[in-house]
Amino acid sequence: MYKKAWDIISKSKHITLISHINPDADALGSSLALYPLLKEMGKKAIVVNMTKELPIRYDFLPNIDKIKSALPEKIDLLISFDCGSIDRLAIKKPDAFIINIDHHRTNTLYGDINLIDAQAPSASCIVLELLSQNDISLRRDISTCLYTALAEDTGFFCYENVNKNTFEIAARLIEAKADPVFIARKLNERNSLAKLRLISIMIQKLQLVNFGMIGYAILSRDDFQKSGALRSDSDECVDQIRSLATVELAILLIEENEGYKVSLRSKERLDVSHIASYFGGGGHKRAAGFTVDHKDEKEIIKEIINKADI
Ligand code: 5GP
Ligand code: MN
């Protein structure tokens with residue numbers, strides 16, 4: 001499959017690299033890793049993400065300034081990264097061959113070729129496998145993108161998806177000049193005061209139920225306005241809820257134009273990807289999400305808690 005995918009890449013001219021809306025490091029890093037390679041191969045390569053404002057903390061990723069927020073007119077090949085279902089690309093499906101590179105267990109296999117490995121700790125590990133199997137050598141710009149993606153998706157090598165192999169991959173990327181200290185500082189030590197204020201508001205609103213096993217909070221548009229925080233500043237809030245000693249299930253609702261974006265996290269037992277799939281979303285065992293339109297917030301929380309059954 002990896003050879004076939006590279007063969008198609010080699011034969012295509014107009015290639016669009018795209019990742020899911022509200023992107024994280026894995027989405028952006030995985031798509032940006034291939035960009036300079038394709039350019040060197042003489043391709044008309046374009047990186048797209050349909051999110052209006054990309055999170056500023058990824059500004060150090062090589063070629064981040066090249067990302068466009070609209071599809072080009074001509075696409076022979078669309079490669080999607082870190083995206084479990086095609087709706088999360090937020091585009092009209094183009095008339096093009098699709099390679100789907102992802103590690104979500106809930107991936108709907110919407111590609112013509114699907115390079116899916118639910119055991120992979122990040123989509124960037126699958127990109128690395130694609131490069132390795134086709135004897136493409138790594139270098140600093142590529143390894144920086146792939147390492148950043150891996151580091152964030154593993155919670156800096158703390159989550160359950162981490163094993164010996166993860167550290168071996170990290171070592172390979174560091175050998176190819178990814179700088180782990182530089183990347184950690186760029187990601188973790190550039191918070192805005194607005195972001196910390198948002199976390200503080202979230203903690204004030206946090207509720208614990210079921211003997212403290214479930215923690216939930218709801219962030220309104222007003223909370224963002226009061227704190228001055230951006231949408232991407234809420235990314236860590238749900239992890240803060242999970243960090244509580246008693247919590248097995250963390251739930252965060254963020255008010256959006258038409259309804260709510262819901263983030264779910266579990267610690268040791270619950271498979272939250274099942275809960276998210278039930279509501280039309282998806283994700284991983286310990287991190288998943290979905291969106292709901294026009295529903296009462298208390299009702300959403302109640303339904304999730306019922307479904308979780310803990
Ligand atoms: P987050 O809560 O950080 O937005 O997402 C957690 C995980 O669930 C990520 O891997 C993300 O890609 C996935 N996810 C979040 N929202 C959705 C959704 O609406 N649909 C699907 N398929 N996956 C989602
Ligand atoms: Mn990912």
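It should be emphasised that the depicted structure is a prediction, and the values quoted were computed from it without experimental measurement. In each ligand, atom 1 is the first atom listed, and ligand 1 is the first ligand listed.
A donor-acceptor contact shorter than 3.5 Å links the side chain of Thr166 to the backbone of Asn163. One N or O on the side chain of Asp179 and one on the backbone of Phe182 form a donor-acceptor pair closer than 3.5 Å. The backbone N or O of Lys66 lies less than 3.5 Å from no partner atom in the side chain of Asn63, so there is not a single donor-acceptor pair. A donor-acceptor pair under 3.5 Å links the side-chain atoms of Lys43 to the main chain of Ser10, judged by distance alone.
Any N or O atom pair closer than 3.5 Å counts here, and His104 shares at least one such pair with ligand 1. At a 3.5 angstrom cut-off on N or O pairs, Ser263 counts as close to ligand 1. Checking only distances, Arg265 does come within under 3.5 Å of ligand 1, N or O to N or O.
Ranking the protein heavy atoms by distance from atom 19 (O) of ligand 1 puts Phe290 CA, 3.4 Å first. The nearest heavy-atom contact from the protein to atom 8 (O) of ligand 1 is Ala288 CA, 3.2 Å. If you check which protein heavy atom lies closest to atom 7 (C) of ligand 1, you get Ala287 O, 3.5 Å. Closest to atom 4 (O) of ligand 1, if we only count protein heavy atoms, is Lys261 NZ, 3.0 Å. Of the protein's heavy atoms, Gly282 O, 3.6 Å lies nearest to atom 13 (C) of ligand 1. Of the protein's heavy atoms, Arg88 NH1, 3.6 Å lies nearest to atom 11 (C) of ligand 1. Among all protein heavy atoms, the one lying closest to atom 17 (C) of ligand 1 is Gly289 O, 3.2 Å.
The Mn ion (ligand 2) has an N, O or S atom of Asp26 under 2.8 Å away, backbone or side chain. Residue side and main chain included, His103 places an N/O/S atom under 2.8 Å of the Mn ion (ligand 2). At least one N, O or S atom of Asp82, from either the backbone or the side chain, sits less than 2.8 Å from the Mn ion (ligand 2).
Side-chain rings of Tyr278 and Phe290 stay apart, their centers remaining 6.0 Å or farther from each other.
Using a 4.5 Å cut-off on side-chain heavy atoms (C-beta onward), Tyr216 and Leu252 make no contact. Between Glu256 and Arg221 the shortest side-chain heavy-atom distance does not fall below 4.5 Å.
Counting the atoms of ligand 1 from 1 in the order shown, those under 4.0 Å from a heavy atom of His284 are 10 (O). Atom numbering of ligand 1 starts at 1 in the shown order; those under 4.0 Å from a heavy atom of Ser85 are 22 (N). Close approach of ligand 1 to Gly283 is summarised as follows: ligand atoms under 4.0 Å from at least one heavy atom of the residue are 8 (O), 13 (C).
Around atom CZ of Arg140, no more than 12 heavy atoms belonging to other residues, nucleotides or ligands sit under 6.0 Å away.
Phe224 does not carry Arg197 over the face of its six-membered ring by the limits of under 6.0 Å from the centre and within 45° of the normal.
Note: Tyr147 and Phe157 have tilted aromatic rings, judged against thresholds of 30 and 60 degrees for the angle between ring planes.
Among the heteroatoms counted here (N, O or S) of Asp153, OD2 is the one nearest to the Mn ion (ligand 2).
One finds no salt bridge joining Asp24 and Arg57 here, because no Lys/Arg side-chain nitrogen approaches an Asp/Glu carboxylate oxygen to under 4.0 Å.
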